[in-house]
Amino acid sequence: MKYILILLITMSTLFAKDFEHHSEKHMHKELSHINFSKPQKKELKEILKNFRFDLHEFREYKEEIEEKRKTLFTKDELDLQELGKLNNQLDLKARTIENNFLTKVHAILTPKQREEFIHYFDDWEVK
């Protein structure tokens, strides 16, 4: 009985850590820590809508690239040049989406809001 209790406590701790990490990962992207004006909220809503659409397209593109990478790897000889090309394409698409988003957000924020935004700057990285 004692071992079962220890096992249950250990398992609940593991699940709690996973849940905490997942919620922590998404909490900062909501931008609630920045005080936006009504016009800013309207613009930001459109920017975020486009960003989410771009991320959705990126994930599909990433899956295609990953399939091509797997195909390359299963061949008798690994074509490092082609592998590098695929990796560069993926990185370029990610940086383009990220830079587009950051440019639009930067344009609507005040200098003070930009300082608040940079505290969670890394959360907006496209991966």
task = Evaluate the criterion side chain to side chain contact (heavy atoms under 4.5 Å, CB included) for residue pair Glu63 and Lys68; output intermediate values, then yes/no.
result = CA-CA 9 Å; Glu63 286 177 15; Lys68 289 178 182 179; over 6 Å; no
ask   = How far apart are the closest heavy atoms of Leu78 and Phe73, and which atoms are they?
value = CD1-CA, 4.0 Å
request  = To the nearest 0.5 Å, tell me how far Ile97 CD1 sits from Leu92 CG.
outcome  = 10.0 Å
Can you list, pair by pair, the side-chain donor-acceptor contacts under 3.5 Å of residues 42-49, counting residues two or more places apart and other chains?
none

key: Trace of the salt bridge (Lys or Arg N to Asp or Glu O under 4.0 Å) decision for Arg69 with Glu66   = CA-CA 5 Å; Arg69 289 170 39 177; Glu66 287 174 353; 5.5 Å; no
message = Leu83 vs Asn87, test: side chain to side chain contact (heavy atoms under 4.5 Å, CB included). Steps then yes/no.
response = CA-CA 6 Å; Leu83 184 62; Asn87 289 335; 4.0 Å; yes
key: Stepwise side chain to side chain contact (heavy atoms under 4.5 Å, CB included) check, Asp54 with Phe101   = CA-CA 9 Å; Asp54 290 344; Phe101 169 75; over 6 Å; no
key: Interatomic distance, Leu55 atom CG to Lys127 atom NZ [nearest 0.5 angstrom]   = 12.0 Å
ask   = Looking at Gln113 and Asn35, what are the two nearest heavy atoms and their distance?
value = NE2-O, 2.7 Å
request  = Mind listing the closest non-hydrogen atom pair of Ile118 and Glu115 along with its distance?
outcome  = CG1-O, 3.1 Å
task = Mind running side chain to side chain contact (heavy atoms under 4.5 Å, CB included) on Lys112 and Glu116 for me, showing each step along the way?
result = CA-CA 7 Å; Lys112 184 178 186 232; Glu116 293 171 7; 3.8 Å; yes
request  = With ring-ring contact (aromatic ring centres under 6.0 Å, His included) as the test, would you mind laying out the steps for His33 and Tyr120 before giving the verdict?
outcome  = CA-CA 10 Å; His33 60 285; Tyr120 303 105; 4.6 Å; yes
message = Does the Lys NZ or Arg CZ of Lys93 fall within the cation-pi geometry relative to Tyr61 - under 6.0 Å from the ring centre and within 45° of the axis?
response = yes
key: Polar side-chain atom of Arg114 near backbone of His106 as donor-acceptor pair, under 3.5 Å   = yes
Within-4.5 Å side-chain heavy-atom neighbours: Arg95 and Glu125 = yes
Any Phe117 side-chain heavy atom under 4.5 Å of Asp123 side chain = no
query = Could you state the interatomic distance from CD (Gln81) to CG (Leu86), rounded to the nearest 0.5 Å?
reply = 11.0 Å
Within one Ile-Leu-Val-Met-Phe-Trp-Tyr cluster: Phe53 and Val126, side-chain cutoff 4.5 Å = no
request  = Look at the rings of Phe51 and Trp124 and say which category their plane angle falls in: under 30° parallel, 30 to 60° tilted, over 60° perpendicular.
outcome  = tilted
query = Taking Asn100 for the side chain and Thr96 for the main chain, is one N or O donor matched with an acceptor at less than 3.5 Å?
reply = no
task = Ignoring hydrogens and angles, tell me if any N or O in the side chain of Glu82 forms a donor-acceptor pair with the backbone of Leu72 under 3.5 Å.
result = no
Minimum heavy-atom distance Glu60-His56, with the two atoms named = OE2-NE2, 2.9 Å
Check against salt bridge (Lys or Arg N to Asp or Glu O under 4.0 Å), Lys70 and Glu67 = CA-CA 5 Å; Lys70 288 176 186 177; Glu67 284 302 314; 3.7 Å; yes
